[in-house]
Every structure is written in structure tokens, then in C-alpha cells.
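First comes the structure, then the notes that go with it.
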Amino acid sequence: MQTSDSIIIIPTYNEKENIENIIRTIFRLEKYFHILIIEDNSPDGTADIVRRLQQEFPERLFMIERKGKLGLGTAYITGFKWAIEHKYDYIFEMDADFSHNPNDLPRLYKACHDEGGDVAIGSRYISGVNVVNWPMGRVLMSYFASKYVRFITGLPIHDTTAGFKCYRREVLETIPLDKIRFKGYAFQIEMKFTAYKCGFKIIEVPVIFINRELGTSKMNSSIFGEAVFGVIKLKWDSWFRKYPSKIKN
């Protein structure tokens, strides 16, 4: 078995149009990555496609099947625990729909492996607004939501809701994962905020976000509302909470 220091966690629900292409595209990269699919019982047969590909890539492609659609945050927490158990040094979050460009994965890896980052974020807003094919209303909503989160929390990050990330394993071993409360996009904010409060170095890497061409977006108003209103509680609770400190090497 050819080992890798890096694993990409991809949650899936009804991604049959994208899943094979995203897996093959990642595996064609020069950097040798493993992939872990967190599959939430998609009725469209996504899991069947992954199982077929596992026969082709038995040492690189892994899958955890869950009983239903349990939320983005719980999917990543499940994947983080699996990756920690299997001793991967660099653990990535990525969508299945090509909104996150696989060619940017080595850049996120470099930010952590070579440039001293503990968390690398694929940032849509560090150099303007780098979003393609989104309706203007959604662009403005996302952009100003990130500004709002930055104002409330004090996070020195431009793209606070970004879901394209690389963590060093130490970050996920330090953060008390079972205490992460949010399930939707507020999960992404809470993870960044907690890593920041623990003293980890966060690097933003500029990327271009391209809206999905195939399949259906999982974004809805309740998920967005959790992100907007949850940050107030997140900031309030931080005044009374003691965060674990980054381990000194």
C-alpha cells in the first residue's frame, strides 16, 4: 500500500453527477492524495459509484456510509476522527461539485507543509470577490456574511465561511471536536474561530470559487441563518470558555 500524508474528506449527498469525476481528477494530481467519502445514504446511487471506484483504487479511496443526511458538520467530524485515527498529517475539507478546484489542493498543502500554516483556507475574498456563476444576490449575501462574522468575532480572516481547507493533524487533535455545536455553514466559522482561539496560525490562499454545474446546491436559508445568528452566541460563549492551547513543538 502506498501511503500518503494527506487525506481529502468529501461529504456526499446525491452527487452521482460529480463524484467519479472529482475522484479521478484528484487522483491525477502529481501530489499523492487519499480520499475519504462521507456518504449520507444518497438515494441517487452515489455510494454505488464510490464502491465501484474502490475496486479500482483500493489503497487510496475510502468511504464511511451513514444512515441519513445528518449535516455537514457531523460529516466532517466523523471524517476528522477517522483521519486522526489513521495518522494522516494533513486533513482536507472539500466539496464534491468542483466548486473547489482540485488543482488548488497542492497550494493549500504547501501553505501548511512549507509555509508554517496550521490551517490553510481556500479564500474567495482575500483578493476581491473571486466567485464565478453565482447569482449576484448570493454573492452579496456570502461576501457580507463573511464581513459580518469578521466584525462580530474578530477573526482576522476574509473568508470566514469558506469550506475548502487543509488542517495539520495537531489542530484537529487539539480542538475538542465533540463540543463543536453547529452543523451547517456555521460549522465552518466555529472551526476557524476555535483554531484561532487555540493559537493556531491560519493562512488564506486565494482561490476562484466556481458554482456547481451539475447536481443541486445544499444551501438553504436555515443553514445561512445558523451562520448569521450563531456567531453571536459563539462570540458570547468565548468570553467564558477556556480554549486548549496549541502544543509547543
Using modelled atom types only, decide if a donor and an acceptor are shared between the side chain of [X] and the backbone of [Y] within a distance under 3.5 Å.
X      : Y      : value
Lys235 : Gly154 : no
Glu190 : Arg181 : yes
Asp118 : Lys201 : yes
Asp97  : Ser99  : yes
Asp40  : Leu70  : yes
Asp44  : Lys16  : yes
Gln54  : Leu61  : yes
Arg107 : Pro206 : yes
Glu204 : Asp159 : yes

Give the minimum heavy-atom separation between [X] and [Y], together with the two atoms involved.
X      : Y      : result
Ile189 : Leu234 : CG2-CD2, 4.1 Å
Gly116 : Ile203 : C-CD1, 4.5 Å
Asn14  : Ser42  : N-OG, 2.7 Å
Asn103 : Leu29  : OD1-CD2, 3.5 Å
Val119 : Ala195 : CG2-CB, 4.2 Å
Phe98  : Asn18  : CE1-O, 4.0 Å

Taking C-beta and beyond as the side chain, do [X] and [Y] meet within less than 4.5 Å on heavy atoms?
X      : Y      : answer
Ile10  : Glu15  : no
Lys31  : Leu105 : no
Glu93  : Phe187 : yes
Arg28  : Thr25  : yes
Ile175 : Phe80  : no
Phe209 : His100 : yes
Val50  : Ile19  : yes
Arg124 : Phe164 : no

(message) Listing request: all salt bridge (charged side-chain N to carboxylate O under 4.0 Å, His left out) pairs with a residue in residues 72-84, at least two apart in sequence or in separate chains.
(response)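 Every salt bridge (charged side-chain N to carboxylate O under 4.0 Å, His left out) pair that includes a residue of residues 72-84, provided the two are not neighbours, is Lys81-Asp178.
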(request) With side chain to side chain contact (heavy atoms under 4.5 Å, CB included) as the test, would you mind laying out the steps for Met94 and Ile22 before giving the verdict? (result) CA-CA 10 Å; Met94 186 179 187; Ile22 197 77; 3.9 Å; yes
(message) According to a hydrophobic-cluster definition based on side-chain heavy atoms being under 4.5 Å apart (Ile, Leu, Val, Met, Phe, Trp, Tyr only), do Leu53 and Tyr32 belong together?
(response)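 No, Leu53 and Tyr32 fall in different hydrophobic clusters.
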(message) Would you call the rings of Trp82 and Phe62 parallel, tilted or perpendicular, taking 30° and 60° as the class edges?
(response)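 Ring orientation of Trp82 relative to Phe62: tilted.
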(request) Describe, in one word, how the ring planes of His86 and Tyr88 are oriented to each other, choosing from parallel (under 30°), tilted (30 to 60°) and perpendicular (over 60°). (result)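 Tilted, since the angle between the ring planes falls between 30° and 60°.
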(message) Within the supplied structure, the quantity of interest is the number of heavy atoms (other residues, nucleotides, ligands) at a distance under 6.0 Å from Lys110 NZ; does it exceed 12?
(response)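 Count not over threshold, so no.
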(message) Less than 4.0 angstrom from a charged side-chain N to a carboxylate O is my criterion; do Glu65 and Arg51 meet it?
(response)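 Yes, charged N to carboxylate O under 4.0 Å.
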(message) Tell me whether Arg169 is salt-bridged to Asp89, with the criterion being a basic N under 4.0 Å from an acidic carboxylate O.
(response)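 Result for this pair is yes, salt bridge flagged.
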Got a second to check how far [X]'s [atom1] is from [Y]'s [atom2], nearest 0.5 Å?
X      : Y      : atom1 : atom2 : answer
Ile49  : Ile37  : CD1   : CD1   : 11.0 Å
Ile9   : Phe92  : CD1   : CZ    : 10.5 Å
Leu155 : Lys192 : CG    : NZ    : 8.5 Å
Ile8   : Ile26  : CD1   : CD1   : 4.0 Å
Ile77  : Ile38  : CD1   : CD1   : 11.0 Å
Ile91  : Tyr167 : CD1   : OH    : 10.0 Å

(request) Give the intermediate values and the outcome of salt bridge (Lys or Arg N to Asp or Glu O under 4.0 Å) for residues Asp237 and Lys233. (result) CA-CA 6 Å; Asp237 290 348; Lys233 181 170 176 54; 3.4 Å; yes
(request) Go through the steps to decide whether Ile210 and Asn101 satisfy the test side chain to side chain contact (heavy atoms under 4.5 Å, CB included), and finish with yes or no. (result) CA-CA 8 Å; Ile210 301 175; Asn101 188 340; 5.8 Å; no
(request) Using the test side-chain contact (heavy atoms from CB on, under 4.5 Å), find all partners of Leu72 that sit at least two apart in sequence or belong to another chain. (result)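 Leu72 satisfies side-chain contact (heavy atoms from CB on, under 4.5 Å) with Pro11, Tyr76, Gln188 once adjacent residues are dropped.
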(request) May I ask you to establish whether Arg60 and Phe27 are in a cation-pi arrangement, using a distance under 6.0 Å from NZ or CZ to the six-membered ring centre and at most 45° from the ring axis? (result)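 Because its charged atom sits under 6.0 Å from the ring centre and within 45° of the axis, Arg60 does stack over Phe27.
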(message) With side chain to side chain contact (heavy atoms under 4.5 Å, CB included) as the criterion, how do Tyr243 and Ser238 come out once you've worked through the C-alpha distance, each side chain's angles and the decisive distance to 0.1 Å?
(response) CA-CA 8 Å; Tyr243 291 85; Ser238 72; 3.3 Å; yes
(message) Run Tyr196 and Thr153 through side chain to side chain contact (heavy atoms under 4.5 Å, CB included) and show every step you take.
(response) CA-CA 10 Å; Tyr196 171 70; Thr153 63; over 6 Å; no
